[in-house]
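Owing to the predicted nature of the structure, the values given are computational and were not obtained by experimental measurement.
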Amino acid sequence: MKLVAIEVPRFLQPKPTGEEACECQKRPLETTYKTGSLFWRRQPGEAVAQGDVLCEAEIDKKTFEILSPATGELAEQTIAEGGEFSAASILGYIRVVQ
């Protein structure tokens, strides 16, 4: 059994809004000097596939999806629902069964 960290990526792509947004709203955001709030879409114990949306981050009034780095089970959330995170924070862990 192996644990894979869920980290805030250096660049995040804004979540599609379904509305026609200006080009500035579609550009990736560099997270190096940013903080934001976290909202979980999966709970510990749930199975996840690599690339699944685990949580959403709100930074500078924009929403970004954070994807699963591996296939397995969400083992732990290290930042609570609505909690604040910063660049390179570890948000939780995926348990990968080999």
Mind checking the CZ-NZ spacing from Phe85 to Lys34? Nearest 0.5 Å is all I need.
11.0 Å
Compare every heavy atom of Ile79 with every heavy atom of Ser89, then report the nearest pair and how far apart it is.
CB-CD1, 4.2 Å
Hey, are the side chains of Leu67 and Val53 touching, using non-hydrogen atoms and a 4.5 Å cut-off?
yes
Looking at Glu81 and Trp40, would you say the former's side chain and the latter's main chain have a donor-acceptor pair under 3.5 Å?
yes
Roughly how far, to the nearest 0.5 Å, is the CD atom of Glu46 from the CZ atom of Arg41?
12.0 Å
Taking all non-hydrogen atoms of both residues into account, name the closest pair between Ala70 and Val4 and its distance.
CB-CG2, 4.2 Å
To the closest 0.5 Å, what do you measure between CD (Glu7) and CD1 (Ile66)?
11.0 Å
For Ala47, is there any backbone N or O sitting under 3.5 Å from a side-chain donor or acceptor partner on Arg42?
yes
Any idea which heavy atoms bring Ala5 and Pro69 closest together, and the distance?
O-CG, 3.6 Å
Could you tell me the separation between the OG atom of Ser68 and the CD atom of Gln50, rounded to the nearest 0.5 Å?
7.0 Å
From Leu3 atom CG to Ile94 atom CD1, the distance as rounded to the nearest 0.5 Å
9.5 Å
Here the pair of heavy atoms bringing Pro44 nearest to Ala75 is CB-O, 4.1 Å
Measure from the side-chain N and O atoms of Thr35 to the backbone N and O of Ser86, and report whether any donor-acceptor pair falls under 3.5 Å.
no
Supply the atom-to-atom distance Leu38 CG to Gln77 CD, rounded to the nearest 0.5 angstrom.
8.0 Å
Under 3.5 Å donor-acceptor, Thr78 side chain and Leu91 backbone
yes
